[in-house]
2 protein chains.
Amino acid sequence: MIDDLHTLRSFVAVVDCGSVVAAARHRGYSTAAVSRQLGRLQRRLGVRLFEPAGRGIRATDEGRRLADEARQLITQVRIFEDAASAIAREATATLPAPKALSASDGSLLVTARTPSQ
Amino acid sequence: MIDDLHTLRSFVAVVDCGSVVAAARHRGYSTAAVSRQLGRLQRRLGVRLFEPAGRGIRATDEGRRLADEARQLITQVRIFEDAASAIAREATATLPAPKALSASDGSLLVTARTPSQ
DNA sequence: GATATTTACGGCCCACGTAAATATC
DNA sequence: GATATTTACGTGGGCCGTAAATATC
C-alpha cells in the first residue's frame with residue numbers, strides 16, 4: 001500500500017535527473033535520504049527500478065514505465081491540491097483567518113460548537 | 001503540499017460513514033487518531049471540511065466536494081499500485097526472490113554491482 | 001447515563017542528516 | 001583523487017493509543 005508521496009516525487013526526480021545527487025539537490029534532501037527512499041520504494045513494489053551504470057545509476061525499463069505511472073499520480077495530486085486551493089479562496093469567509101493556529105496538537109475541527117442542525 | 005494518503009483515505013471514510021467512530025473502526029485506527037487526521041488535513045487545506053451536527057459531525061459542501069476529488073486521487077493510487085503489481089509479476093525473474101531482506105536500514109538498490117554499461 | 005468528538009499525555013517508530021565506506025572513472 | 005551511491009549511527013518529529021474532558025441526546 002503506497003502511502004508516501006515524497007518518495008514517489010523523488011523517484012520521478014531521479015529518473016528525470018538521471019542521478020541521485022541531482023535529484024536530491026532539486027528536492028532539498030540529502031543524497032542518502034533519496035537513496036534510502038529509492039531502496040524502500042523498490043522493496044515495497046518488488047520491482048527493480050534502477051541498475052548501476054558507470055559511477056551512477058540508470059533506470060530499468062520497468063523503472064521508466066512506473067515513473068510514467070507515478071507522474072500521472074502526481075498530476076492527480078496537483079489537481080486535488082488546486083481544487084482545495086480554489087475552494088479555500090472561494091470560501092475564505094467560512095474560515096475567516098487561521099489566526100494563531102494556537103493548538104500544538106489539537107484538531108480544531110469545531111472552533112465554536114454551534115447548537116445543532 | 002499533500003503527502004499523507006492515510007489521512008486522505010480516512011477523510012473519505014468519514015464522509016462515507018458519516019461519523020468518526022465508524023470510519024476509525026473501518027480503517028483500524030482509534031477515534032482520536034482519525035479526529036486528529038481530520039484536524040490536520042483541515043488546517044493544511046485551509047478548508048472547513050466538517051461541522052457539528054447533533055452528537056456527531058456532518059461534512060460541509062466544500063468537504064463533500066473535496067471528498068470527490070480525494071476519491072479520484074485514491075483511484076489513481078490504485079492504478080499505480082496495480083501497474084506496479086503487474087510489472088512485478090511480469091518481471092519476477094529479475095528480482096528472483098526477496099529472500100531475507102536482511103538489511104535493516106539499507107536500500108539494497110544494487111545487490112551485485114555488475115561491472116558497467 | 002450513553003454516544004460522539006476532542007484534547008492531554010506519554011511513547012514509539014520512521015525518516016532524516018552527517019559521516020564513513022565502497023565503487024567507478 | 002574526484003564523483004556517485006550506499007551503509008552505519010544517532011537524533012528529532014510526527015503520529016498513534018489510552019484516558020480524561022466536553023458536548024449532545
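Naming: A, B, ... by sequence-line order, numbering from 1 per chain.
Contact annotation: B/Y29 reaches the phosphate of D/dC16 (side-chain N/O to OP1 or OP2, under 4.0 Å). Under 4.0 angstrom from either OP1 or OP2 of C/dC16 there lies at least one side-chain N or O belonging to A/R40. Residue B/S35 places at least one side-chain N or O closer than 4.0 Å to OP1 or OP2 of C/dT6.
The distance from atom CZ of B/R36 to atom P of C/dC9 is 13 Å, rounded to the nearest whole Å. Atom-to-atom, CG of B/L38 to C1' of D/dC15 comes out at 14 Å; the value is rounded to the nearest Å. Rounded to a whole Å, the CZ atom of A/F50 is 14 Å from the C1' atom of D/dT6. Distance CG (A/D3) to C1' (D/dC15): 12 Å, rounded to an integer number of Å. Atom CE of B/M1 is separated from atom P of D/dG14 by 16 Å (rounded to the nearest Å). Spacing between atom CG of B/D4 and atom P of C/dA15 amounts to 12 Å, rounded to whole angstrom units. Note: CG (A/L41) to P (D/dT6) measures 13 Å, nearest angstrom. Computed from coordinates, the A/E51 CD to C/dT24 P distance equals 14 Å when rounded to whole Å.
Not a single side-chain hydrogen bond (donor to acceptor under 3.5 Å, both in side chains) links B/T31 to another residue, sequence neighbours left out. For A/R78, the side-chain hydrogen bond (donor to acceptor under 3.5 Å, both in side chains) criterion is met by no residue, not counting sequence neighbours. B/S30 is linked by a side-chain contact (heavy atoms from CB on, under 4.5 Å) to B/A32, B/A33, counting only residues two or more places apart in sequence or in another chain.
Among the heavy atoms of the strands lying under 4.0 Å from B/A32 is at least one base atom, whether or not backbone atoms are also near. Residue-level contact check: B/R44 touches the backbone only, with heavy atoms under 4.0 Å from sugar-phosphate atoms and none from bases.
If B/T31 and A/S30 are placed on DNA chain C by their nearest nucleotide, the residue sitting closer to the 5' end is B/T31.
Nearest nucleotide to the side chain of A/R55, out of C/dC25, C/dT6, D/dC16: C/dC25.
Grouping Ile, Leu, Val, Met, Phe, Trp and Tyr residues whose side-chain heavy atoms lie under 4.5 Å apart, directly or via other members, places B/V12 in a hydrophobic cluster with B/I74.
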* Structure fact -> For DNA chain D, the expected dot-bracket line (Watson-Crick or G-U under 3.5 Å, [ ] crossing, | inter-strand) is |||||||||||||||||||||||||
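Between B/F50 and B/V15, the closest side-chain pair of non-hydrogen atoms falls below 4.5 Å.
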* Would you sort out whether A/V14 and A/L49 count as a side chain to side chain contact (heavy atoms under 4.5 Å, CB included), showing the intermediate values? => CA-CA 11 Å; A/V14 171; A/L49 302 171; over 6 Å; no
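Here side-chain hydrogen bond (donor to acceptor under 3.5 Å, both in side chains) pairs that include residues 4-23 of chain A, with residues two or more places apart or in two chains, are A/D4-A/T7, A/H6-B/D3, A/S10-A/R27, A/S10-A/Q37, A/D16-A/R71.
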